[in-house]
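Note that ligands are numbered from 1 as they come in the structure, with each ligand's atoms numbered from 1 the same way.
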Amino acid sequence: MSGVGESFQKMTRLKQQGATHATKPMDSQTETEHPLPAPGWDRLPGLGPSICERRSQREYGGAMSQEDLSLIIAASYGKVSGQRRAVPSAGGLYPFDLHVLVNHVQGMEPGIYIYRADTHSLALRSAGPWGEELARAALGQRMCRDASVVLALVCVFGRTTRRYGERGYRYVYLDAGHVVQNTYLVATGLQLGCCGIAAFYDDETNRLFAVDGTERAVTYMAAVGRCL
Ligand SMILES: Cc1cc2nc3c(=O)[nH]c(=O)nc-3n(C[C@H](O)[C@H](O)[C@H](O)COP(=O)(O)O)c2cc1C
């Protein structure tokens, strides 16, 4: 019996109309190795070290500045010029509402905020020290409480599925990866830690961010903060 993942893969397939023959499979006999030049990381003085030094950090302590938070958010889901964002998105549809759970940011009240990209501002949705509750919802991962912030990508699936149907479910997960990769790289560049978080109890996490889990759901999170 096939699992739901296999069904997902089948049911979200794009099929070529009128296809009559399969594409010729790759022939492993013809494989030859082509050596590449050594990667010249010094050609990327800003980005190179961030890519090479990036790793997932899980131990955090202390507060982050609002300036750091601003850059992290701008690079992850902000608009960099006009309507253009720092990350790609299938069809340019940008399905996420970026929520920010603030634990420890200098001069900011702890709580759950929603990011308004048009004004590059955070609107407080629910004041309170919610980190402990998020840690419980995330299988006891303490970084949800100890990190300065946890970014939560709440997917509004209809933004993408209205155009792409079931195939859109594949796209939103790919979009999420692009966002969090930028979070990782900018955090590393600012000498902060970052960790992607996908291990969480869906119902509890969605409840905390006040979404129904069907039309809108937390898809991926990222803890960011000062490393211990
Ligand atoms: C989709 C995804 C989900 C992840 N979820 C978690 C998580 O819930 N908790 C965690 O500690 N790390 C999580 N990670 C981080 C991985 O464990 C980490 O990237 C991997 O071990 C490689 O280590 P590195 O990032 O330090 O290179 C996740 C990474 C990805 C890409």
Identify, by atom number and element, the atoms of ligand 1 in contact range of A199, meaning under 4.0 Å from any of its heavy atoms. 8 (O)

Proximal atoms of ligand 1 relative to Q141 (non-hydrogen, under 4.0 Å): 7 (C), 8 (O), 9 (N), 10 (C), 11 (O)

Hey, what do you get for OG1 (T219) to CG (D202), rounding to the nearest 0.5 Å? 9.0 Å

So which bit of F200 gets within less than 4.0 Å of ligand 1, heavy atoms only: side chain, backbone, both or neither? neither

Which residue and atom name correspond to the protein heavy atom nearest atom 29 (C) of ligand 1, and how close is it? Y220 OH, 3.8 Å

Find the distance between CG (L122) and OH (Y115) and round it off to the nearest 0.5 Å. 8.0 Å

Any idea which atoms of ligand 1 are less than 4.0 Å away from a heavy-atom of R55? 26 (O)

Would you sort out whether S121 and R116 count as a side-chain hydrogen bond (donor to acceptor under 3.5 Å, both in side chains), showing the intermediate values? CA-CA 5 Å; S121 60; R116 303 289 184 212; over 6 Å; no

Show your working on ring pair (Phe, Tyr, Trp, His ring centres under 6.0 Å) between Y171 and Y164 and close with a plain yes or no. CA-CA 9 Å; Y171 296 161; Y164 294 113; 5.0 Å; yes

Would R170 and D175 pass as an ion pair if we require N to O under 4.0 Å? no

Should the pair E133-R145 be classified as a salt bridge under the 4.0 Å nitrogen-to-oxygen rule? no

Using a 6.0 Å distance limit plus a 45 degree cone around the ring axis, check whether R85 lies over the aromatic ring of Y94. yes

Any idea which protein heavy atom is nearest atom 4 (C) of ligand 1, and the distance to it? G196 O, 3.6 Å

Are S56 and C194 side-chain neighbours, meaning at least one heavy-atom pair lies under 4.5 Å? no

Is atom 16 (C) of ligand 1 close to the protein, meaning a heavy atom under 4.0 Å from it? yes

Atom 21 (O) of ligand 1: closest protein heavy atom, distance to 0.1 Å, is R58 NH2, 4.1 Å

At under 4.0 Å between heavy atoms, is it the side chain or the backbone of C195 that contacts ligand 1, or both, or neither? side chain

Using a 4.0 Å cutoff against the non-hydrogen atoms of R54, which atoms of ligand 1 qualify? 24 (P), 25 (O), 27 (O)

For M143, atoms of ligand 1 separated by under 4.0 Å from a heavy atom: 9 (N), 10 (C), 11 (O)

Measuring from atom 3 (C) of ligand 1, which candidate in G177, A198, S56 has the nearest non-hydrogen atom? A198

